[in-house]
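Below: one structure, written as structure tokens.
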Amino acid sequence: ALIWGPPLAQQVQLAHRLMPLAKRMGVLYREAGQHEINILLAASAVTSTGTVVVPILVESLLTARALADAADRVDVLIASNDSALFNRDSAKLILLTAYRHQRAVIGPTPAFVSAGAVATQAVPKPVLIAAIVARVRHWQASGHLGHSQAVTRFAPVFNTQVARSLGISIAPDLLREAQP
């Protein structure tokens with residue numbers, strides 16, 4: 001497997017860089033993502049940014065009420081990289097509810113950003129293509145694809161229109177890092 005979903009820690013870091021005054025970062029996740037949440041909480045306890053990661057466990061189907069309650073408790077919502085929780089069927093509910101509560105959403109994918117999330121971290125296409133080519137060449141040389149590997153190079157993707165409507169200005173250095 002070639003894994004290219006951004007780690008939650010990088011999504012939280014992007015949210016902090018985008019909104020340095022936000023102090024409560026709500027991370028929506030299912031029980032299956034508990035391990036990654038534990039790692040994130042341990043890492044965030046060490047930092048001195050003053051930002052608090054608020055884990056928000058989604059135990060059943062997402063509802064507008066649950067999202068509204070979550071939005072009231074945090075300054076920004078961060079969607080974990082969980083396609084069962086965050087997909088095209090749930091995108092409208094998540095994004096509209098967050099927007100009604102004037103909360104930015106850091107989405108799990110560039111598709112969520114296109115749909116109305118403020119930002120995400122994503123693998124640039126040339127990096128992904130290079131990783132795929134390397135895996136194919138390894139297979140050609142050895143006869144097997146090898147162990148699962150995660151792509152570790154990410155760049156931010158922004159929806160400047162949504163950011164502007166929420167009163168978020170994207171710093172020029174962040175815009176320079178963004179994927180085209």
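This structure is a prediction, so every number in the text was calculated from the model and none was measured. Residue indices begin at 1 and follow the sequence shown.
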Less than 4.5 Å apart, side chain to side chain, heavy atoms only: is that true for Ile106 and Leu18?
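Yes; the side chains approach each other to less than 4.5 Å.
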Minimum side-chain heavy-atom gap Val54-Arg73 below 4.5 Å
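Yes, at least one pair of side-chain atoms sits under 4.5 Å.
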Hey, any chance [X] and [Y] share a hydrophobic cluster, counting ILVMFWY side chains that come within less than 4.5 Å of each other, even indirectly?
| X | Y | value |
| --- | --- | --- |
| Leu145 | Val151 | no |
| Phe112 | Leu96 | no |
| Val127 | Ile132 | yes |

Minimum heavy-atom distance [X]-[Y], with the two atoms named:
| X | Y | value |
| --- | --- | --- |
| Ile78 | Ala15 | CD1-CB, 4.0 Å |
| Leu95 | Ala117 | CD2-N, 3.6 Å |
| His144 | His138 | O-ND1, 3.0 Å |
| Pro6 | Gln121 | CG-O, 3.3 Å |
| Lys23 | Pro20 | NZ-O, 3.9 Å |
| Pro55 | Leu41 | CG-CD1, 4.0 Å |

Salt bridge check: are Arg103 and Asp72 linked by an N-O gap of less than 4.0 Å?
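No, no charged N to carboxylate O under 4.0 Å.
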Reference residue Asn38; test side-chain hydrogen bond (donor to acceptor under 3.5 Å, both in side chains); the match among Glu36, Gln34, His35
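Result: among Glu36, Gln34, His35, Gln34 is the only option passing the side-chain hydrogen bond (donor to acceptor under 3.5 Å, both in side chains) with Asn38.
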Report, one line per pair, each donor and acceptor closer than 3.5 Å where one atom sits in a side chain of residues 86-94; sequence neighbours left out.
from	atom 1	to	atom 2	distance (Å)
Asn87	OD1	Asp89	N	2.9
Asn87	OD1	Ser90	N	3.0
Asn87	ND2	Ser83	O	3.0
Asn87	ND2	Ala84	O	3.3
Ser90	OG	Leu85	O	2.9
Ser90	OG	Asn87	N	3.0
Ser90	OG	Asn87	O	3.2

Return the OG1 to CZ distance between Thr97 and Arg65, rounded to the nearest 0.5 Å.
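Answer for the OG1-CZ pair, Thr97 versus Arg65, is 11.0 Å.
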Would you indicate whether Arg153, at its atom CZ, is surrounded by more than 12 heavy atoms from other residues, nucleotides or ligands within a distance under 6.0 Å?
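Result for CZ/Arg153: open.
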